[in-house]
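First the structure, which I've put down as structure tokens, then a few questions once you've had a look.
Note that these values count all heavy atoms, side chains included, but never hydrogens, waters or copies made by symmetry.
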Amino acid sequence: MRLHKSGLMLIAAIVTGFAISRFEHLINPYYYQVLIYIGINIILASSLNLINGFAGQFSLGHAGFMAVGAYTSAVVTSQLHFASSSMLNTAAFSLALLLGGIVAAIFGLLVGIPSLRLKGDYLAITTLGFGEIIRVIVQNLDFLGGARGFTGIPKLTNFVWVFSTVAIVILLVSNLINSTYGKSFLAVRDDELAAETIGISSTRVKVIAFVTGAFFAGVAGALYAHFVTYINPAQFSFLKSFEIVVMVIIGGMGSIFGVILSAILLTILPEMLRSVAQYRMVVYSLLLIVIMITRPRGLFVRTRTAKQSVALKTLR
Amino acid sequence: MSQLSESMLEVTSLEVKYGAIAALRGISLSVKTGQIVTMIGANGAGKSTLLRAISGLIRVCSGNISLGDADITNLPPHRIVGFGVSHAPEGRMIFANLTVRENLEMGAYLRRDSDAVAGDLDRVFLLFPRLKERINQQGGTLSGGEQQMLAVGRAMMARPKLLLLDEPSLGIGPILVKAIFQTIVEINRELGMTILLVEQNAHLALKIAHYGYVLETGNIILEGPSSEIACNELVRKAYLSE
């Protein structure tokens, strides 16, 4: 029943996307660009939420997966680009997105394996290191353009591609989390040993979280590459990873809705702050600090945590 | 009645070390099918270590643990659950951000017989009415006693052949302790679950168990039917404070 409903929602989302894309040329190009970035950031934040928020594995390497997807797909379309036929381009782009996701997922598997032995801060440092390794390797690969970057990527990403992917990610994550199988993610996050004692393989949960999360980060990277048409390693530095982590934390770790809203908010906010010119990033950072002080569990967390409830009890 | 004499769990010369420190120094014990067996002993005697070794949460240095015909020594914990062993660990270890219902449902994670699971859920609520009142509350918001009930209930939901209970009386008021022990007897009698109960509260544990072991600094110093152990001079002095 639930799956049936999700299917309908997915179709509705894609149809709406197509309808809006008919009027693409009417939208101010600047707003259009911000809209696309919002979509890509929702994909990135939701997929990281699966790893950080649901499975409780603190990863700081999401930009690394994104880079893998971006470069893989760029290589695919640069080999398969057909200027004349839009049908063939659609096929090539589908293949590029898929391959970008798959190769990123393979890297997710590679990072997932150390996560079986590492916890908390140690895992964060390891994944941070992983992201940087990817960046440095790409920087030194000549056929990918090295530090000069990869140019001439066909502009294939549009509203429909981005928001269809957004719909798929959101439906997948929310269906997963409401299933018994998805609850095993939450169980591992809450108490890994206890999860093992009821028959959950924590190894499997972590690896699946990393692989799925990395897949969608890869797809997001591919969408990004085919929108900006030029990528270079600096775009995928650890700053990008932090940006995604901040979206997840501000939204509320493990809150699907919250993370979507915070991805939207944190994409728009820096744009709106363009008016304060050179103080833009200062104001942005200050706002983040204020949010963290006033809503330490994230903006949109509705469920009360154990600690807060105990505090409330003692207050009464 | 022949089933009663069959051994469900067989532990032979089990050695467990934490770094250089030996927690269990080659102990052997056996748990017969359908019985409640208790392991009593002071803090640091190695009681929890024993249960953790059986359920696979820590590695065994040497020795052997077998369940029926199957050797389960050093298998990963989630596989041992599949053999029908369920562990309600010390410190409760419930899922703080899942509701009471979700915690219990997760206990049946490996089961595919959803009708029977629903029945077992009702049974847990019958045994622990308090949990039913708290059904939609998050696990972390329960009181200590309620969390203990939840841990026992969750372990039961796997419908194990062997239930390992680690200090169910720890940090709980006397009235609740009595209720929990009563429930343990019911689980054993009515559901036919075999139970290995680790306890500091020797008095209560020996009252409900069929057979008992006394563990002291990693060695078993005494074993026998629990009525005999309860009469033992040494035990009376050391553990029953008489």
Side-chain angles (χ1 to χ4, degrees), chain A residues 1 49 52-57 113 116-117 119 176-208 252-256 258 297-298 300-316, chain B residues 51-52 54-58 75-99 101-112 114 117 134 136-144 147 150-151 153-160 163-164 166:
Chain A
M1 192 58 208
N49 196 21
N52 284 22
F54 293 121
Q57 307 301 304
I113 290 167
L116 308 177
R117 298 182 150 270
K119 287 189 173 61
L176 178 77
I177 265 11
N178 290 319
S179 70
T180 311
Y181 190 69
K183 293 250 164 61
S184 68
F185 281 52
L186 306 180
V188 167
R189 178 190 69 187
D190 273 6
D191 195 322
E192 208 176 310
L193 279 184
E196 286 274 349
T197 66
I198 57 172
I200 295 168
S201 165
S202 58
T203 304
R204 226 179 105 161
V205 164
K206 290 184 202 171
V207 168
I208 286 176
M253 300 255 263
S255 158
I256 296 170
R297 298 274 308 172
F300 305 101
V301 169
R302 265 174 302 176
T303 46
R304 213 180 282 146
T305 64
K307 260 188 203 153
Q308 285 171 321
S309 296
V310 171
L312 279 178
K313 253 185 214 164
T314 45
L315 275 177
R316 268 186 222 134
Chain B
L51 294 194
R52 288 168 156 261
I54 296 171
S55 64
L57 291 176
I58 46 169
L75 285 183
H78 65 267
R79 297 230 7 236
I80 292 176
V81 184
F83 282 96
V85 180
S86 197
H87 185 181
E90 190 190 11
R92 293 148 202 156
M93 286 165 58
I94 51 136
F95 303 121
N97 294 305
L98 298 186
T99 65
R101 174 192 276 278
E102 287 170 334
N103 263 281
L104 291 171
E105 283 169 350
M106 288 310 285
Y109 183 72
L110 289 182
R111 293 173 60 182
R112 291 290 167 263
S114 46
V117 169
R134 304 261 186 270
N136 289 319
Q137 218 168 302
Q138 283 185 322
T141 67
L142 300 182
S143 75
Q147 290 193 8
L150 186 56
R154 189 181 67 194
M156 281 174 59
M157 287 300 291
R159 206 184 263 195
L163 182 61
L164 308 174
D166 198 346

Neighbours of chain B found in residues 195-202 of chain A - heavy atoms under 4.5 Å: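 Heavy-atom contacts from residues 195-202 of chain A to chain B are A/Ala195, A/Glu196, A/Thr197, A/Ile198, A/Gly199, A/Ile200, A/Ser201.
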
Engaged part of A/Thr203 at the chain B interface, taking heavy atoms whose separation is under 4.5 Å: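 Neither part; nothing is under 4.5 Å.
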
Over 12 foreign heavy atoms within 6.0 Å of CZ, B/Arg111: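 Yes - once you tally the heavy atoms of other residues, nucleotides and ligands closer than 6.0 Å, there are more than 12.
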
B/Arg154 versus A/Ala194, closest heavy-atom pair with distance: NH2-CB, 3.8 Å

Rounded distance [0.5 Å steps], CE in B/Met93 versus CG in A/Asp190: 11.5 Å

Contact leader toward chain B among A/Leu193, A/Thr180, A/Leu186, where contacts are heavy-atom pairs under 4.5 Å: A/Leu193

From NZ (A/Lys183) to CD (B/Glu105), nearest 0.5 Å: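 The CD atom of B/Glu105 is 6.5 Å from NZ of A/Lys183, to the nearest 0.5 Å.
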
Side-chain heavy-atom pair A/Arg189, B/Asn97 within 4.5 angstrom cut-off: yes

